[in-house]
Novice: 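Quick one: this structure, given as structure tokens, is what I'll be asking you about.
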Protein chains: 2
Amino acid sequence: MKWHELGEMDCPIARSLSILGDRWTLLIIRNAFMGTRRFDDFQKQLGITRHLLSDRLNRLTEKDIFTKVRYQDAPKRYEYRLAEAGLALYPIILMLTKWGNIWLNDDNSHPPLQVIHKPCGHVTDPQLRCSECGEELHARDMAPFVDKVG
Amino acid sequence: MKWHELGEMDCPIARSLSILGDRWTLLIIRNAFMGTRRFDDFQKQLGITRHLLSDRLNRLTEKDIFTKVRYQDAPKRYEYRLAEAGLALYPIILMLTKWGNIWLNDDNSHPPLQVIHKPCGHVTDPQLRCSECGEELHARDMAPFVDKVG
DNA sequence: TTTCATAAGTTCTGTTTTAGAACTGACAAG
DNA sequence: CTTGTCAGTTCTAAAACAGAACTTATGAAA
């Protein structure tokens with residue numbers, strides 16, 4: 001199965017991964033959340049090749065995750081800003097961070113990456129909660145996906 | 001930068017993506033959450049090549065995301081079960097699902113994938129909430145990551 | 001007692017993707 | 001008129017992936 005075929009599957013995870021499922025895409029988006037907007041800044045911060053960065057930014061712009069905005073006229077220069085669908089990726093970034101902090105910090109050599117929730121002013125531990133009862137969600141408590149597997 | 005070098009970065013997202021950042025890994029894990037445990041079942045359900053599946057299962061076992069368990073002696077047969085670190089990936093799977101449901105369902109042709117929270121018995125909309133004030137977390141309300149970018 | 005079926009891989013060949021470095025084009029400043 | 005900035009594009013070699021066939025161990029069927 002080719003990558004682009006994934007995007008046509010009747011499964012939202014497969015469709016998500018057809019866009020996000022590679023080594024670089026979510027790192028580019030992470031840096032966008034930290035304020036990076038310009039080609040050369042992404043490139044220097046990430047160490048990604050210019051070729052791939054160009055490809056990924058185009059793809060993400062096409063999918064309306066980034067918006068390409070002209071910020072200068074002569075010469076014409078563009079920057080990339082998170083669009084709505086891009087901003088909506090924040091929970092995924094946050095949960096990847098939390099998982100990495102907990103499960104890939106073998107010797108506690110890495111200080112945990114912390115985030116502040118500005119409205120309440122505290123360092124927050126992001127939790128996944130049920131919209132109906134408010135309890136934290138755990139894999140064991142969930143009914144299996146009702147989805148086509150194949 | 002090579003893939004394995006990502007895992008050595010001082011950033012939990014980079015470390016997470018050094019394991020999860022490809023087309024297949026999270027799909028394999030999704031199917032594991034749906035109850036799949038055996039090589040051939042993963043292979044048939046996903047349409048992944050046997051070579052890649054073998055490689056990914058080994059990698060994930062090495063990283064203690066799966067546990068390889070012998071379920072038969074003659075001939076020796078093994079199955080793959082989610083270990084603790086694997087079960088902890090559930091929020092990521094759930095948020096990828098939610099994002100795909102909302103943002104990659106252009107013509108509403110795909111019925112949303114729904115999950116039931118067994119303790120309360122309702123179909124739940126998983127929400128990311130602050131551990132301190134209980135409010136839902138949004139990108140705009142968060143203080144920028146305090147992390148090494150490069 | 002060959003033959004088929006099952007399960008979990010491994011091997012092979014050809015195609016695609018990626019890494020790394022150099023190059024381009026439009027302009028500005030010294 | 002040389003150097004620097006920014007946003008890319010082009011090139012080549014290396015790595016990863018797709019698709020199909022093959023292997024190994026066993027039990028059941030013809």
Side-chain angles (χ1 to χ4, degrees), chain A residues 1-9 14 17-28 31-32 35-62 66-81 149-150, chain B residues 1-9 14 17-28 31-32 35-62 66-81 149-150:
Chain A
M1 191 192 292
K2 304 284 171 54
W3 197 2
H4 71 266
E5 294 177 82
L6 263 190
E8 291 148 25
M9 287 181 70
L17 290 174
S18 78
I19 296 176
L20 307 172
D22 79 331
R23 294 159 189 68
W24 291 112
T25 301
L26 283 167
L27 285 175
I28 292 169
N31 281 34
T36 305
R37 293 181 165 184
R38 298 190 182 175
F39 190 93
D40 275 28
D41 292 335
F42 282 114
Q43 199 276 317
K44 281 172 204 153
Q45 289 163 13
L46 291 169
I48 185 177
T49 64
R50 309 179 72 76
H51 184 107
L52 263 198
L53 177 58
S54 174
D55 179 81
R56 292 299 184 270
L57 288 173
N58 283 332
R59 250 191 243 202
L60 291 170
T61 302
E62 207 173 274
F66 278 118
T67 313
K68 191 172 183 173
V69 179
R70 183 151 74 216
Y71 71 89
Q72 182 184 291
D73 279 327
K76 284 177 186 173
R77 290 287 152 73
Y78 300 89
E79 61 183 17
Y80 297 87
R81 298 188 195 177
V149 176
Chain B
M1 190 193 294
K2 306 281 171 56
W3 198 0
H4 71 265
E5 295 178 81
L6 262 191
E8 291 148 24
M9 287 179 72
L17 290 175
S18 78
I19 297 176
L20 308 173
D22 78 331
R23 293 160 189 68
W24 292 112
T25 300
L26 283 167
L27 284 176
I28 293 170
N31 282 32
T36 305
R37 294 180 164 184
R38 298 190 182 175
F39 191 92
D40 275 27
D41 292 336
F42 281 114
Q43 200 274 317
K44 281 171 204 153
Q45 288 163 14
L46 291 169
I48 185 177
T49 65
R50 308 179 72 78
H51 185 106
L52 261 199
L53 177 59
S54 175
D55 178 82
R56 291 300 185 271
L57 288 173
N58 283 331
R59 248 191 244 201
L60 291 170
T61 301
E62 207 173 273
F66 279 117
T67 314
K68 191 171 183 173
V69 179
R70 184 151 76 217
Y71 72 89
Q72 181 184 292
D73 279 329
K76 284 178 185 172
R77 289 288 152 74
Y78 300 90
E79 61 182 18
Y80 298 86
R81 298 187 195 178
V149 176

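In what follows, chains are A, B, ... by sequence order, proteins preceding strands, each numbered from 1. Every value quoted in this text rests on a predicted model; they were computed, and no experiment measured them.
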Novice: Under 3.5 Å between N/O atoms: give me all the protein pairs with nucleotides 23-27 of chain D, atom names plus distance.
Specialist:
none

Novice: Which residue is it: A:K76, A:R77, A:R70? I am looking for the one with a salt bridge (charged side-chain N to carboxylate O under 4.0 Å, His left out) to A:D73.
Specialist: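 Going through A:K76, A:R77, A:R70 one by one, the salt bridge (charged side-chain N to carboxylate O under 4.0 Å, His left out) with A:D73 is satisfied by A:R70 alone.
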Novice: On the nucleotide C:dA26, are OP1 or OP2 found under 4.0 Å from the side-chain N or O atoms that A:Y78 carries?
Specialist: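 A:Y78 to C:dA26 OP1/OP2: no side-chain N or O under 4.0 Å.
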Novice: Whole Å only: how far is the CZ atom of B:F39 from the P atom of C:dG9?
Specialist: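 Atom CZ in B:F39 sits about 6 Å away from atom P in C:dG9.
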Novice: Would you mind reading off the distance between B:L53 atom CG and C:dT10 atom P, rounded to a whole angstrom?
Specialist: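 My rounded result for the distance is 11 Å.
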Novice: Between C:dA8 atom C1' and B:F66 atom CZ, what is the distance in whole Å?
Specialist: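 About 15 Å, once rounded to whole Å.
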Novice: What is the separation between atom CG on A:D40 and atom C1' on D:dA7, rounded to the nearest whole Å?
Specialist: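 Nearest whole value for this atom pair: 6 Å.
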Novice: Please report, rounded to the nearest Å, how far the P atom of D:dA20 is from the CD atom of B:Q43.
Specialist: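 Nearest whole value for this atom pair: 11 Å.
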Novice: For B:L6 and B:S18, work out which heavy atoms get closest and say how close.
Specialist: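 In terms of heavy atoms, the two residues are closest at CB-CB, 3.8 Å.
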Novice: Do B:E5 side-chain atoms and B:E8 backbone N/O form a donor-acceptor pair below 3.5 Å?
Specialist: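 Pair absent, no side-chain N/O of B:E5 close to backbone of B:E8.
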Novice: Take A:W24 and B:M1 through the side-chain contact (heavy atoms from CB on, under 4.5 Å) test and state the conclusion after the steps.
Specialist: CA-CA 11 Å; A:W24 291 112; B:M1 190 193 294; 4.1 Å; yes
Novice: Indicate whether OP1 or OP2 belonging to C:dT6 is found under 4.0 Å from a side-chain N or O atom of B:K44.
Specialist: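 So the side-chain polar atoms of B:K44 never come under 4.0 Å of the phosphate oxygens OP1 or OP2 of C:dT6.
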Novice: Would you say D:dT9 has OP1 or OP2 under 4.0 Å from some side-chain N or O of A:S54?
Specialist: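 Affirmative; the distance criterion is met.
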Novice: Search all heavy atoms of B:F42 against all heavy atoms of B:I28 and return the closest pair with its distance.
Specialist: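 The pair with the smallest heavy-atom distance is CE2-O, 3.4 Å.
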Novice: Are any protein N/O atoms closer than 3.5 Å to N/O atoms in nucleotides 13-19 of chain D? If there are, list each pair with its distance.
Specialist:
unit_1: D:dC17; atom_1: OP1; unit_2: B:R56; atom_2: NH2; d: 2.9
unit_1: D:dC17; atom_1: OP2; unit_2: B:R56; atom_2: NH2; d: 3.1
unit_1: D:dA18; atom_1: OP1; unit_2: A:M1; atom_2: O; d: 3.0
unit_1: D:dG19; atom_1: OP2; unit_2: A:M1; atom_2: N; d: 2.2

Novice: Starting at CD of A:Q72 and ending at C1' of D:dT5, how long is that distance when rounded to a whole Å?
Specialist: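 One finds 9 Å between C1' of D:dT5 and CD of A:Q72, rounded.
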Novice: Rounded off to whole Å, could you give me the CZ-to-P distance for the B:F42 and C:dA8 pair?
Specialist: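 It works out to 10 Å between those atoms.
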Novice: Check whether A:S54 reaches the backbone of A:R50 with its side chain - one donor and one acceptor, N or O, closer than 3.5 Å.
Specialist: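 Side chain of A:S54 to backbone of A:R50, a donor-acceptor pair under 3.5 Å: no, none is there.
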Novice: Determine the sole option in B:Q45, B:Q43, B:K44 for which the side chain to side chain donor-acceptor pair (under 3.5 Å) test with B:T36 is passed.
Specialist: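 In the set B:Q45, B:Q43, B:K44, the residue that makes a side chain to side chain donor-acceptor pair (under 3.5 Å) with B:T36 is B:Q45.
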Novice: Measure the shortest side-chain to side-chain distance between A:L17 and B:T25 over non-hydrogen atoms and say whether it is less than 4.5 angstrom.
Specialist: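 No - every pair of side-chain heavy atoms lies 4.5 Å or more apart.
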Novice: Under 4.0 Å: is that the gap between some side-chain N or O of A:Y71 and OP1 or OP2 of D:dA7?
Specialist: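 Answer yes for this pair, as a side-chain N or O of A:Y71 is under 4.0 Å from OP1 or OP2.
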Novice: Measure the distance from CG on B:N58 to P on C:dA8 and round it to the nearest whole Å.
Specialist: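 So the two atoms are 13 Å apart, to the nearest Å.
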Novice: With sequence neighbours excluded, what pairs up with A:E79 under the side-chain contact (heavy atoms from CB on, under 4.5 Å) test?
Specialist: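 A:E79 satisfies side-chain contact (heavy atoms from CB on, under 4.5 Å) with A:R37, A:R38, A:V69, A:Y71, A:R81 once adjacent residues are dropped.
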